[in-house]
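First the structure, in the form of structure tokens, and then the observations on it.
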Amino acid sequence: MKKRILGLVVILVILFTGRLYAIEGMWIPALLKSLNEDEMQEMGLEITAEDIYSINNSSLKDAIFLFGGGCTAELVSDKGLLLTNHHCGYRSIQSHSTVEHDYLTDGFWAQSFEEELPNPGLTVTRLKRMEEVTGQVLDGVKDNMTESERDQVISKNIEALVNETEKNSEYNASVKPFYHGNQYYMLITQTFKDVRLVGAPPSNIGKFGGDTDNWMWPRHTGDFSVFRIYTDKNNEIAEYTDDNVPFEPDYHLPISLDGVQKGDFTFLMGYPYSTDEYLPSHAIEMITEEINPIRINLRGERLDIMDKYMKKSDKIRIQYSAKYAGVANGWKKWQGENRGIDRLNAIEVKREQEDMFADWMKKTEERQDKYGGLLEAFEKNYQQLTPTMKSFYYFVEAGLGIEIIRFARNFRELVEMSKKDEPDEAKIQAELEGLKNAVEGHFKNYNQQIDREVFAHMMELYLENIPEDRYPQVLKDLKDKYKENTVDYAERVFKKSFLASKEETLDFLNNYKARKYKKIQKDEAAQLAMGFYKHYMNNIMPRRNRINNDLDSLQSLYMKGLMEMQPYKRFYPNANQTLRVHYGKVKGYNPRDAVYYKPYTTLKGVMQKEDRAVYDYVVEDKLKQLYNNENYGRYAADDGEMHVCFIATNHTTGGNSGSGVFNAKGELVGLNFDRNWEGTMSDLMYDPDMCRNITLDIRYCLFIMDKFSGARHLVDEMTIAE
Ligand code: ARG
Ligand code: GLU
């Protein structure tokens, strides 16, 4: 009862003020002036929305980049220097590492441009401008159209818009839906293709605390790495070549060494990947009660196996470090999310919101025509979706969690091409080249013992937890032939499959003829992979897509209804990997009874966490020396200490890693890299009391570069605001 009343109060406050969650949200840069500037300035911002996002003059946004597939990075020098997180540069750092040159463990600092390391495939993209194009995109869409007719019109309109814009422009254009398809924006962007690794601290700084401290506050991680954009001699975008030169941007970010204090205004800009703030209660129920437990369990089991082997050998540790971190990250986050949702009583809060929506709807016939049956349809669809999503996550986390299955799936195309009556030799050759690369990539970071154990265990869990009528035919065979002895089964697959051996696989590809495709078809690992894949294609995907299509339309309508019901409330769109502005204040929090967390940490905390016996908590002698001598130079805070990280109420999510964090004057004061565990439910529901973003203090970042790593020349490239 108490919880219900609390939920009701929350809803009423949101409904009537729309301001309770003033700091909640990730806002559209182009709308900053109209929606947020006043509030931001009230909270402390000393510059204007135009200084942050301008299409006519240089502004902060020109220095913010989407880094690779999912992080954010920013320009800090007139020679194209980029800062991002260590965990964002991780795969690049790893790719240049070997047991002899272990840049993950020891760090890496290029002493000259020549020593900076190219990263094929790594790109960075920035936004030049964005325009609302809702009218153009929805032109010709009629109320009585079916969903697929509607989609066709929209796709055609988007294609025309993009072509028209790109025709006379050096930039790229794309159109993305916002507010669940109630608005559309065109993004005009620019992608740089030669991005080189300049430096990274050792992991015991850049990943200090490792997966134990990941998602946690108080935090002491120096999570940064340094890259540089290269262009051709005319300062134009170019693919990597030896003669490329450092990019000379018109604008780069000023850095402040003043730090921030409790209560200070901060904002950040970055590329948040995805959030789901407007879901109905049924969706939250499905995610937290059905899906998250599956993902948490399957990942936990895989992590235990990896960990066992990584502890035994340095080689395996290096090979599996990035894989492990990737698996562990979601595993831990979903646990925090579930607790947060529970503590917020989020399902109940959403139900209250739905009751209110229902009452509002009943008031006029017009609303009933538009929104009648919506909530019931949500319920029905989520009921249908739930078992499908369970199968889907078993496929993804258990099936594709097995590396040899993921690897074997790559051979699908080759079989299809070769089976044709008149196989296209040129295509086959190109496919073979691609596969040879895949072979190198797969085996470089591969340990068969780990995979075999994961294989046996994942199969076991599959058999145990998914009802027989929902698992792939290949598993039925396994059950019949091997009497559920998954260890024997794994043993046999790895013994028989040529895909288990790098030499045999390369040998096969090097001597490939179209008629040899049967060898793939007969291979046990390939059969499994194809079996899983077929099951996904025939039994999971169509159902999931059909229901999700219906849900997309419902969600779009619900969003429209919510906005209509609360016309005075400012809504922010869910994250969709477009540039956003987030703002809030530096603030501590009470994680649990009697405990208060201060909003910043210092180097003292690194020393307190030190543990020689635990890999994640080793502290280098040199860092200890600097600490003992308080040799912090101009990077010390006013209190004389070396500040390491701070937290604030900015509403961030995955993809905001590496985002530049700014003070009221728009000077760079840190790099966002994480959220607190108690706040990870903010992807579904934000709580101003509990949700904090975690930022690396820029002074610690520069201190490590300058005093610890001897890369003073890089700091000298930057612009320090006086
Ligand atoms: N939790 C952060 C994010 O979601 C950092 C992840 C990388 N660090 C790690 N220890 N796994 O991406
Ligand atoms: N570490 C996350 C990232 O890689 C940011 C943390 C979050 O999810 O807020 O983007």
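As a basis for the values below, the full set of heavy atoms in this structure was taken, side chains included, without hydrogen atoms, waters or symmetry mates. Residue numbers count from 1 along this sequence. Everything numeric in this text was worked out from a predicted model, so none of it was measured.
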Query raised in the report: How far does CG of Leu122 sit from NZ of Lys193, to the nearest 0.5 angstrom?
Result: 13.0 Å
Do [X] and [Y] have side-chain atoms, one donor and one acceptor, less than 3.5 Å apart?
X: Asp250; Y: Ser58; value: no
X: Lys707; Y: Asn631; value: yes
X: His252; Y: Glu717; value: no
X: Asn292; Y: Asn338; value: yes
X: Thr652; Y: Asn650; value: no
X: Thr241; Y: Asn244; value: yes
X: Tyr615; Y: Arg317; value: yes
X: Gln319; Y: Asn447; value: no
X: His101; Y: Asp106; value: no
X: Tyr635; Y: Asp706; value: yes
X: Asp264; Y: Asn663; value: no

Parallel, tilted or perpendicular, judged at 30° and 60°: which one describes the rings of [X] and [Y]?
X: Phe443; Y: Tyr446; result: perpendicular
X: Tyr583; Y: Phe265; result: tilted
X: Phe407; Y: His442; result: parallel
X: Phe703; Y: Tyr632; result: perpendicular

Query - Salt bridge present between Lys609 and Asp611 (N-O < 4.0 angstrom) - result: no
Query raised in the report: Ion pair present between Asp304 and Lys308, side-chain N to carboxylate O less than 4.0 angstrom?
Result: no
With a 6.0 Å cut-off (strictly less than), is the heavy-atom count around [atom1] of [X], excluding the residue itself, greater than 12?
X: Lys128; atom1: NZ; answer: yes
X: Arg91; atom1: CZ; answer: no
X: Lys604; atom1: NZ; answer: no
X: Lys262; atom1: NZ; answer: no

Requested in this report: Using the six-membered ring of Phe113, assess whether NZ or CZ of Arg228 lies under 6.0 Å from its centre and within 45 degrees of the ring axis.
Outcome: no
Query raised in the report: Just checking, Lys312 and Tyr309: is the charged tip under 6.0 Å from the six-membered ring centre and within 45° of the axis?
Result: yes
Query - Residue from Lys598, Arg692, Glu678 passing side chain to side chain donor-acceptor pair (under 3.5 Å) with Tyr589 - result: Glu678
Looking at every heavy atom in both [X] and [Y], which two are closest together, and how far apart are they?
X: Asn693; Y: Asn672; value: ND2-OD1, 3.0 Å
X: Tyr271; Y: Leu66; value: CE1-N, 3.3 Å
X: Glu397; Y: Arg299; value: OE1-NE, 2.9 Å
X: Thr649; Y: Tyr686; value: O-OH, 2.6 Å
X: Leu696; Y: Gly222; value: CD1-CA, 3.8 Å

Requested in this report: Take Asn214 and Trp677, measure what side chain to side chain donor-acceptor pair (under 3.5 Å) needs, and give me the verdict at the end.
Outcome: CA-CA 8 Å; Asn214 187 26; Trp677 202 55; over 6 Å; no
Query raised in the report: If we only count heavy atoms from C-beta on, is the Leu671 to Asp223 side-chain gap below 4.5 Å?
Result: no
Query raised in the report: So, do Phe65 and Val195 sit near enough that their side-chain heavy atoms are less than 4.5 Å apart?
Result: no
Query raised in the report: What do the steps show when you test Asp51 against Tyr53 for side chain to side chain donor-acceptor pair (under 3.5 Å), and what is the final call?
Result: CA-CA 6 Å; Asp51 296 325; Tyr53 172 87; over 6 Å; no
Report task. Starting from the C-alpha separation in whole Å, work towards a yes-or-no answer on salt bridge (charged side-chain N to carboxylate O under 4.0 Å, His left out) for Arg612 and Asp621. Result -> CA-CA 11 Å; Arg612 285 187 176 281; Asp621 289 339; 3.8 Å; yes
